[in-house]
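So the structure is just underneath, and the comments pick up after that.
In this chain, numbering begins with 1 at the start of the sequence shown.
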Amino acid sequence: MLVILWILGGLFAVVVLAMLLIPMFIDEQALIEMAQEQVRASTGGELMIEGETELSLFPRFGLRLEKASLDLPAGSEYDQRINASFRELDVGLSLLPLLSGNVDVGTIVISGVKADITEPQALPPAPEPQPIMSDRQWEKRGELIRDNKAQERQRQLAEGAAIAGVAIVAEAVRLEDLTLILRTRDGSLSNQINIDTLTLSEVNTKNQPMRLEGVMTVLGDGSAPPLGIILDGDIRVASDFSKIQLENLGAEVTGALTQPITSSLTGDFLLKPAKVDLTLEATLPGGDVSGQMIWSALESPEIKLNVATARLNADQMQPAVAAPAAPSENAGGVSPQNPSQDAPQKEQQSASVPLPVGPLRDLDLELRVTANELIAGGQSITDAQVFMRVLDGIADIQYIRGVLHEGQLDTRIAVNARRPTVEAEIEGGLKGVNMDLLLGSLGNQDAASGRIEMGWDLNTQGATSDDLLAAIDGEVNAGGADLVIEKVSIQGLVCSAVAAVNKIPPITGLPSNTLITDLSLAIDFEKGAGDIEKLRFATTGVEMKGSGDVDLKTFDFGFRLEGQVNNDIMQVSPLCVIDQRYSGVDWPLDCVGNLASESGANCKLDVAMIAQQIIENEAKQQIQDAVEEKASSFIKKLFGG
């Protein structure tokens with residue numbers, strides 16, 4: 001908007017000059033030469049008119065120019081350089097208001113505009129990130145950028161923001177086919193904006209409402225998908241041009257995510273130093289949010305976003321895929337594109353797509369989210385609170401808190417996007433989680449009940465989500481008491497084995513589930529493979545411990561336990577008698593299954609091994625009894641007993 005005001009200001013100067021100097025019948029060429037000289041004297045720039053010119057006096061003073069260009073050099077090293085050309089300008093003014101210091105304009109139509117803007121030369125350019133930089137190099141780069149911005153902000157504050165000028169009133173200003181090309185100080189492309197139409201109605205600089213409507217495409221530098229933007233709402237411009245106020249300005253953005261974003265913005269846009277303070281209401285693919293957004297180009301954080309929502313599904317907020325080619329810079333600019341065409345189709349998405357972390361490298365963001373319900377990774381977190389700080393290529397989610405499956409979640413995630421291989425650290429815990437709800441969220445319904453405590457400390461790295469899953473290292477621990485494992489009965493397996501070993505009929509009336517009085521679990525992950533280092537549980541009459549493995553990709557698991565059985569098992573059935581023969585016998589239990597399967601775990605006791613141990617123990621006992629009997633007889637004979 002500020003760039004457009006600069007261009008309009010230069011054109012107004014030409015028109016006002018014409019009004020003050022024109023006699024009843026003036027030579028048009030002489031007027032043009034005088035206007036060119038005035039532009040040259042006041043701005044050091046050049047006004048070139050190659051096409052037709054047309055002047056009219058009644059009922060309004062009218063000026064129509066074709067094929068003109070305006071070259072405005074930077075007034076100082078802190079100013080932009082603007083080179084603008086337009087295909088046609090049509091404007092009319094009233095004479096009497098002009099004589100009193102006001103500009104009363106009809107409808108201004110500017111079409112076929114191309115503006116090439118080069119950023120000020122005073123500030124050193126932000127150093128470009130190299131493919132491989134150390135953490136310290138990244139930190140020094142960030143410090144340099146922030147120091148430069150702070151110095152420029154102080155300079156602009158000292159300079160002041162107000163711009164003196166005449167009051168402007170117009171029926172409307174309509175821009176058609178406008179291309180803005182923004183360049184860095186060395187001339188390389190930093191952004192390109194194609195404006196199909198931009199209309200400002202009831203134009204004034206009296207801080208009165210003006211209607212703004214527009215359709216544009218932000219192409220960027222070609223490294224990200226183009227953004228389609230539709231604007232519709234009211235704005236106000238202060239008489240000294242120090243700020244622009246937005247009043248329920250509606251915006252629809254396509255191309256940022258795979259689905260459109262609509263928002264309503266209210267607040268102030270300070271022009272110097274540039275700063276935006278807005279309240280927003282937005283509809284995202286995953287839900288509606290409201291809150292405050294502060295953007296300040298010369299401060300850190302550059303963006304502060306504090307939003308609240310009743311329900312937000314983060315899984316539906318997928319970033320759009322980058323455009324395959326950078327925008328060209330031909331004379332006509334890049335042709336407008338429909339960003340929705342760049343939205344990836346479902347069949348194009350796969351886990352092997354590189355992680356979309358590129359924007360994190362230059363983002364300076366502070367984000368706070370409160371949500372009645374936040375859905376992420378297919379899991380629903382209620383009363384959620386999220387705080388994230390993105391700086392120097394690291395996204396530090398300092399906390400995600402809330403209620404997950406009736407348990408209290410508190411976890412931290414740090415993502416290092418400074419290098420091609422992304423690094424991530426995840427630590428936290430979940431207290432009192434409901435096992436039934438947790439397993440049910442994985443697709444395993446009615447598999448267990450009760451509550452457990454969980455903790456994790458994990459790290460991983462990779463360029464894709466598949467890579468991250470395959471490279472997980474760290475530990476996950478869990479423990480609980482008074483849990484019920486459905487569909488598997490450890491006591492039932494034990495009593496069935498007792499019946500087989502004792503050669504009695506099968507015992508009936510056994511339970512179909514297992515009450516776990518104490519559970520302890522420790523899983524060590526290395527390169528994505530889960531090693532169940534410790535699995536220990538106790539239930540009535542049985543204590544077991546063992547180890548196994550788990551596959552995160554498939555949720556398949558398997559473990560082998562060994563333990564002891566005591567007479568408390570008779571509480572399950574009086575026929576399940578554990579006599580002296582079972583003393584010292586290890587009961588081997590093998591289980592396999594899938595955490596997401598409703599069929600539950602398939603567990604088997606190795607009855608043959610149990611029987612073999614009993615036989616071996618009986619044989620040992622018989623040998624021991626025989627030895628003891630012979631020893632006793634020998635001693636009696638030796639001592640004449």
Judged by atom type as modelled, is there a donor-acceptor pair below 3.5 Å linking the side chain of [X] to the main-chain atoms of [Y]?
| X | Y | value |
| --- | --- | --- |
| Gln408 | Gly402 | yes |
| Arg401 | Ala384 | no |
| Thr514 | Ile516 | no |
| Ser263 | Ala282 | no |
| Thr266 | Asn248 | yes |
| Thr262 | Glu252 | no |
| Arg311 | Gly287 | no |
| Thr539 | Val542 | no |
| Asn313 | Asp315 | yes |
| Asp531 | Glu526 | no |

Using a distance-only test with no angle check, is there a side-chain donor-acceptor pair under 3.5 angstrom linking [X] and [Y]?
| X | Y | result |
| --- | --- | --- |
| Asp467 | Gln461 | no |
| Asp277 | Gln292 | yes |
| Asp364 | Ser300 | yes |

- [ ] Just grab all the disulfide bond (SG atoms under 2.5 Å apart) pairs involving residues 471-583, residues at least two apart or on different chains.
- [x]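 Output for this query lists Cys495-Cys576.
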- [ ] Sequence neighbours left out, what pairs pass disulfide bond (SG atoms under 2.5 Å apart) with at least one residue falling in residues 496-573?
- [x]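 Those involving residues 496-573 do not exist here.
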Task: Heavy-atom neighbours of Lys487 NZ exceed 12 at 6.0 Å - done: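 Yes.
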Open item on the list: Taking atom CD as the centre, does Glu366 end up with more than 12 heavy-atom neighbours from other residues, nucleotides or ligands that are less than 6.0 angstrom away?
Closed with: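 Atom CD in Glu366 is packed in, count exceeds 12.
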Open item on the list: Restricting to non-hydrogen atoms, name the atom on Pro420 and the atom on Ile132 that form the minimum distance, rounded to 0.1 Å.
Closed with: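 Of all heavy-atom pairs spanning Pro420 and Ile132, the closest is CD-CD1, 3.6 Å.
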TODO: Kindly give the heavy-atom pair with the smallest separation between Leu552 and Ile472, and that separation in Å.
DONE: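 Reported closest heavy-atom pair: CD1-CD1, 3.7 Å.
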pair [X]-[Y]: side-chain heavy atoms closer than 4.5 Å:
| X | Y | value |
| --- | --- | --- |
| Glu533 | Ser547 | no |
| Arg361 | Trp138 | yes |
| Trp456 | Thr411 | yes |

Output a table of donor-acceptor pairs, distance under 3.5 Å, between side-chain atoms of residues 421-439 and any protein atom two or more places apart or on a different chain; print 'none' if there are none.
{"unit_1": "Asn434", "atom_1": "OD1", "unit_2": "Asp436", "atom_2": "N", "d": "2.9"}
{"unit_1": "Asn434", "atom_1": "OD1", "unit_2": "Leu437", "atom_2": "N", "d": "3.2"}
{"unit_1": "Asn434", "atom_1": "ND2", "unit_2": "Glu406", "atom_2": "OE1", "d": "3.1"}
{"unit_1": "Asp436", "atom_1": "OD1", "unit_2": "Asp446", "atom_2": "N", "d": "3.4"}

Open item on the list: Rounded at 0.5 Å granularity, tell me how far CG in Leu561 sits from CD1 in Ile532.
Closed with: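 Separation between the atoms: 9.0 Å.
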Task: Glu299 and its side chain to side chain contact (heavy atoms under 4.5 Å, CB included) partner, picked from Lys304, Lys275, Lys149 - done: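 With Glu299 as partner, Lys304, Lys275, Lys149 yield a single side chain to side chain contact (heavy atoms under 4.5 Å, CB included), made by Lys275.
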